[in-house]
Number of protein chains: 2
Amino acid sequence: MALAHDYTDVQYLPAPPKAADTATGLFRLSVSMTFAKDEEIYGQDEDADLIYRVLDGAVRTTRVMADGRRQIGDFYLAGDIFGLEAGPAHRFAAEAVRDSVILVIKASTLRSSGGDVGRLGWEATRRELERAQEHVIMLGRKTACERVASFLKDLSDKSGDLRVVDLPMGRQDIADYLGLTIETVSRMLSQLQASRIVSFCAIRQFRIVNPAGLARLANQTL
Amino acid sequence: MALAHDYTDVQYLPAPPKAADTATGLFRLSVSMTFAKDEEIYGQDEDADLIYRVLDGAVRTTRVMADGRRQIGDFYLAGDIFGLEAGPAHRFAAEAVRDSVILVIKASTLRSSGGDVGRLGWEATRRELERAQEHVIMLGRKTACERVASFLKDLSDKSGDLRVVDLPMGRQDIADYLGLTIETVSRMLSQLQASRIVSFCAIRQFRIVNPAGLARLANQTL
DNA sequence: TCTGCGCCTTGATGCGGATCAAGGCTGCCG
DNA sequence: CGGCAGCCTTGATCCGCATCAAGGCGCAGA
């Protein structure tokens, strides 16, 4: 990550675009950076001195085993905070899923501040934990079909638009998030479309035709 | 959970036994409770007003799907803190793996206190997150053999004794933690013993014969 | 417009772990 | 000491997903 070459500004920024969460205040004094598709934002084992927020685009956190097996920890879309999934060093790398604009703040600023700001960091960490735990359920006990259905449902729950949902990531990323292969993901998507649960308008955009059916297949426990 | 029937004391307790962590201070004003094997400590969806610490025994957090599939979120041994894996309500239930003594503290006490104490809560949450993320890697991309090897290695890393390690939980609990069946866990344990990696002295106690071999099979990425 | 490449889909086959089934071991209680 | 119940192991078979293989589709650049 080259800190100097592409930062655009250091300033008091206006409130970020999708300010529907509690953490907006944390990012007032921050640097905005742009990353190209597949560019690394930080590496596995790198020092975790910074905390990040997606302004525009999408980010994935990944871990690669010695033999090349890859697991995606999570995806982050506009408004999401990432990078606090660590102790002193990052345990996952972070990469831009597509061209993205990211706000960056020093972690030490956040950690040292008491009261409200510190509590917001804790809240954000707790949300991360909840998502990781849902992910554990998914990978431990759900079938391929249930995983893909859960994934589409989660994505639609996050996106504001109730009609049409965008998939910012490719099939391989979905597979590596769900602990499946690209072929299985593709087959499940075809199957969901064939059974009139969802309908793909484009390769990375779908409508939910039967929300109740999707929820049933997703088999959420909470 | 019956708060009244089995608490033993409300007092300033002496430092807990294995005080090798930073969180000891949090539990000075706490209630000690005992739970029988398989007794519920708190339920899924229950309010998360309390935080817990294992004094003696072992605890599991579980989530059960509508059709009975069960996933164990994590195990907690003497000295471990649990119960902060939640927003307003618990997303997993907690149960005693065997007869256990648990210290309990009001979460609100912890959350409202600023400075050091609040930060310790955050640290504990972050450790939980790290463990959940390792669990995701395991369930998403490791084979049955790698999962069992990782499990035994983790347990031995946690236990002080380098020679002999106790398994506090039964095979079914291990299976539900690793996203496998009891039969597969049993087969992998037999296989590890046959290949002289570990050796079982009793059904729930083993020695690591070949630590390097175990580490290789575990395939840890960090 | 044509061509090539990246990404996706679909089909055929194989394998790892689930499921089904049958005992064995151990500890408890008569 | 014998019988029973819970837990664990082992074997046989099955199935869901991985792997291997072969195109299809769409976009970018000549």
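Numbers restart at 1 for each chain; the letters A, B, ... are given by sequence-line order, proteins then strands.
- Ser159(B) and Ser156(B) share no side-chain donor-acceptor pair at under 3.5 Å.
- In this structure, the nucleotide among dG17(C), dT9(D), dT10(C) sitting nearest to the side chain of Ser186(B) is dT9(D).
- No donor-acceptor pair under 3.5 Å is formed between the side chain of Gln193(A) and the backbone N or O of Ser190(A).
- Computed from coordinates, the Gln172(B) CD to dT19(C) C1' distance equals 13 Å when rounded to whole Å.
- Regarding Gln193(B), its CD atom lies at a distance of 9 Å from the P atom of dT10(D), rounded to whole Å.
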For nucleotides 19-23 of chain D, give me every protein contact, N/O to N/O, under 3.5 Å, one pair per line with atom names.
residue	atom	partner	partner atom	Å
dT19(D)	O4	Arg187(A)	NH2	2.9
dC20(D)	N4	Glu183(A)	OE2	3.0

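- Leu192(A) has its CG atom 12 Å from the P atom of dT9(C), to the nearest Å.
- Between the C1' atom of dT10(D) and the CE atom of Met188(B) lies a distance of 13 Å, rounded to the nearest Å.
- When heavy atoms are screened at a 4.0 angstrom cut-off, Leu189(A) is found touching no nucleic acid atom at all.
- Of the side-chain N and O atoms in Arg171(B), none sit less than 4.0 angstrom from OP1 or OP2 of dG6(D).
- Protein atom CG of Asp173(B) is 9 Å distant from nucleotide atom P of dC8(D), rounded to whole Å.
- Residue Phe200(B) contributes atom CZ, which lies 11 Å from atom P of dC8(D) at whole-angstrom precision.
- For the atom pair CZ (Arg60(A)) and CD (Glu95(A)), the distance works out to 4.5 Å, reported to the nearest 0.5 Å.
- Mapping Met169(B) and Val185(A) onto DNA chain D by nearest heavy atom places Met169(B) closer to the 5' end of the strand.
- Here the CG atom belonging to Asp176(A) is positioned 5.0 Å from the CZ atom belonging to Arg141(B), to the nearest 0.5 angstrom.
- When the C1' atoms of four end pairs are superposed on the next four at each end of the helix from dT1(C)-dA30(D) to dG30(C)-dC1(D), using five pairs per end, the two resulting axes differ in direction by 30°, to 10°.
- Contact check for Leu155(B) versus Leu167(B): side-chain heavy atoms found under the 4.5 Å cut-off.
- A donor atom on one side chain and an acceptor atom on the other are found under 3.5 Å apart for Gln220(A) and Lys142(A).
- Between the CZ atom of Arg141(A) and the C1' atom of dT19(C) there is a distance of 13 Å, given to the nearest Å.
- Among the candidates Val165(B), Leu192(B), Asp157(B), the single residue satisfying the side chain to side chain contact (heavy atoms under 4.5 Å, CB included) test with Leu152(B) is Leu192(B).
- For the pair Arg63(A) and Phe92(A), the distance from NZ or CZ to the six-membered ring centre is under 6.0 Å and the angle to the ring normal is within 45 degrees.
- Considering only side-chain atoms of Thr143(B), the nucleotide from dC8(C), dG17(C), dC17(D) that sits closest is dG17(C).
- Rounding to whole angstrom units, CD1 of residue Ile203(B) and C1' of dG24(C) are separated by 10 Å.
- Between dT9(C), dT9(D), dA18(D), one nucleotide has an atom nearer to the side chain of Leu180(A) than all others, and that is dA18(D).
- In this structure, CD1 on Ile174(A) lies 9.0 Å from CD1 on Ile72(A), to the nearest 0.5 angstrom.
- Among the atoms of the strands shown, none is found under 4.0 Å from any heavy atom of Arg147(B).
- One finds a side-chain N or O of Ser190(B) lying less than 4.0 angstrom from the OP1 or OP2 phosphate oxygen of dT10(D).
- Between Tyr52(A) and Tyr76(A), the distance separating the two ring centers is not shorter than 6.0 angstrom.
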